Protein chains: 2
Amino acid sequence: MKIKVSIVEDEPLIKDGIVNLLNSSEGFICEHTYSNAEDAILDIPNKKIDVVLMDIHLPGMSGIECVEKLKPKCPKTQFVMFTSFEETENVFQSLKVGAAGYLTKTSQSNKILDAIVDVYNGGSPMSSHIARKVVDSFASKNQNTNLQKLTKREQEILDYLSKGYRYKEISNSLFLSTDTVRTHIRNIYEKLQVNSRVEALNKVRN
Amino acid sequence: MKIKVSIVEDEPLIKDGIVNLLNSSEGFICEHTYSNAEDAILDIPNKKIDVVLMDIHLPGMSGIECVEKLKPKCPKTQFVMFTSFEETENVFQSLKVGAAGYLTKTSQSNKILDAIVDVYNGGSPMSSHIARKVVDSFASKNQNTNLQKLTKREQEILDYLSKGYRYKEISNSLFLSTDTVRTHIRNIYEKLQVNSRVEALNKVRN
DNA sequence: CAAAAAATACGCAAAAAGTGGTATTTTTTT
DNA sequence: AAAAAAATACCACTTTTTGCGTATTTTTTG
């Protein structure tokens, strides 16, 4: 089984280079290529492509937008961004909209093939620097200063609020009177400077 | 400038091995070690450690919890998890609570030193497989099937709900009657099978 | 063009949430 | 031991949300 690869790249030299590399390597096949995002969006959903190499800088629609549109239509297809330099912010954005990894255009042939096999097997090829950005973006949400203002009990009750429980349901769950629950909630709102559940949750869930 | 490293590991053989490796390598120094999470929590905040190697499986409190407690107190210190095998779920959890990367205990000496330098320089050493898990966890939030059930207008109104707006505030913002807003919200709840704002938001915000 | 979907709107009633005041007991901190 | 903070509880009142029914106009789709 060969890995079916497509490439979206406007520079013919680079595109042809990659196509040659793929078709002359064992285990890869590249039959469809596109020189802009618009064409790719129209055609890729009709082919069953395993891996798409996507240039970030394209004429017209960017490669990032292109992934954003394509990924929902082809959830099984893996997208690997193809960048000139290590453009941290762009790569980061790409991962957010559904790309699985990225490659720099200066990579050596074997690195490129490795990366394609890697995404195909469920990995995310990326530098450790980008990896850190990604890790940070979902780790930071822990030490929430607003949450720390609340007492244990208040945090517990807020947790029930976040599940959509009613006062009565909370009081039953915690064996308290509803009035006590109301008091706690009033204090929570006071501390967080809000006047409703949703606002309170927004304050603690960044 | 040497990189100051600490290690939290209950197995003396492994711990001593690492300490030896570090102190006999150029650019590293390891003066403080701990054989359990509790001791580490008490002492590490007092030292200015650059990188902590943290075993996941410790007697008593786990290494994951240990990072969770320590990271807020020492935001500049980088934590690298130290695992026996590639335990995907545990590593993933560790990253969530503040670790920057991980190492397997079977790594070769030079890989270990490389990883320490890497985190110290702002990278996140990890396999491409773990990287994918991390990427997925923050990318998935896009094609939310529940959100897709809603019409444009309904999504727009849900967006206001998510900010804690009242019916009146929403209708004023959109130049609608509050009754129309109510109807939309009723339909949103119907489609999402919920009976309150918070529940609706939970359905679309995974 | 006909049918379906989406967006608009009104009314009534009940349930839930939010506001304000007050107070006692338990736990923690100084 | 005294003071402060946290957890508990009750009452009265207002505002907001939710539930259910119905209906017209506009837009989209087959």
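Chain letters run A, B, ... following the sequence lines, proteins first and then strands; every chain starts at 1. Being a predicted model, the structure only gives us computed values, none of them experimental.
Within the 4.0 Å cut-off from OP1 or OP2 of D/dT15, not a single side-chain nitrogen or oxygen of B/Y167 is found. The side chain of A/N195 contributes an N or O atom lying less than 4.0 Å from OP1 or OP2 of C/dT19. At the phosphate of D/dT18, OP1 or OP2 sits under 4.0 Å from a side-chain N or O atom of B/Y189. Between A/R197 and C/dA17, a side-chain N or O to OP1/OP2 separation shorter than 4.0 Å is present. For B/R153, no side-chain nitrogen or oxygen approaches OP1 or OP2 of C/dA7 to under 4.0 Å. Within the structure, every side-chain polar atom (N or O) of B/S196 is placed at least 4.0 Å from both OP1 and OP2 of D/dT17. Phosphate proximity of D/dA7 to A/T151: present, with a side-chain N or O under 4.0 Å from OP1 or OP2.
Nearest nucleotide to the side chain of A/T183, out of D/dC10, C/dA6, C/dA9: D/dC10. For B/D179, whose side chain is taken as the heavy atoms from C-beta onward, the closest listed nucleotide among C/dG11, C/dT8, C/dG18 is C/dG11. Minimum atom distance to the side chain of A/K152 is reached by D/dA7, of the listed D/dA7, C/dA7, C/dC10.
Across the interface with DNA chain C, nearest-nucleotide mapping of B/R182 and B/L174 shows B/L174 to be the residue nearer the 5′ end. When the nearest nucleotides of DNA chain C are assigned to B/L176 and A/V194 by heavy-atom distance, the more 5′-ward of the two goes with B/L176. Where B/G164 and B/R186 each meet DNA chain D at their nearest nucleotide, the meeting point lying more 5' is that of B/G164.
Between the base of D/dA7 and the side chain of A/T180 there is no donor-acceptor pair shorter than 3.5 Å.
Partner of A/M81 under the side chain to side chain contact (heavy atoms under 4.5 Å, CB included) criterion, out of A/L53, A/V67, A/T104: A/V67 alone.
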Open item on the list: For a salt bridge (charged side-chain N to carboxylate O under 4.0 Å, His left out) check, start with the C-alpha distance between A/K133 and A/E89, then their side-chain angles and the critical distance, and finish with the verdict.
Closed with: CA-CA 9 Å; A/K133 278 216 63 161; A/E89 202 44 54; 3.1 Å; yes
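Between B/N187 atom CG and C/dT8 atom P there is a gap of 12 Å when expressed in whole angstrom units. Atom CD of A/E190 and atom P of D/dA7 are 16 Å apart (whole Å). One can place CD1 of A/I185 at 14 Å from P of D/dA7, the figure rounded to the nearest angstrom. As rounded to whole Å, 20 Å separates atom C1' of D/dT18 from atom OH of A/Y165. Between B/R166 atom CZ and C/dA17 atom C1' there is a gap of 11 Å when expressed in whole angstrom units. The NE2 atom of B/H184 sits 19 Å away from the P atom of D/dA23 (whole-angstrom rounding). Rounded to whole Å, the distance from CD1 on A/I157 to P on D/dT8 is 7 Å. Going from atom NZ of A/K191 over to atom P of D/dA5 covers 10 Å, rounded to whole Å.
Checking side-chain atoms of A/D55 against main-chain N and O of A/L58 turns up no donor-acceptor pair under 3.5 Å. A donor-acceptor pair under 3.5 Å is formed between the side chain of A/R132 and the backbone N or O of B/V119.
Defined by atom type and a distance below 3.5 Å, a donor-acceptor pair is missing between the side-chain atoms of A/T183 and A/T180.
In this structure, A/E9 pairs ionically with A/K105, as a charged nitrogen and a carboxylate oxygen lie closer than 4.0 Å.
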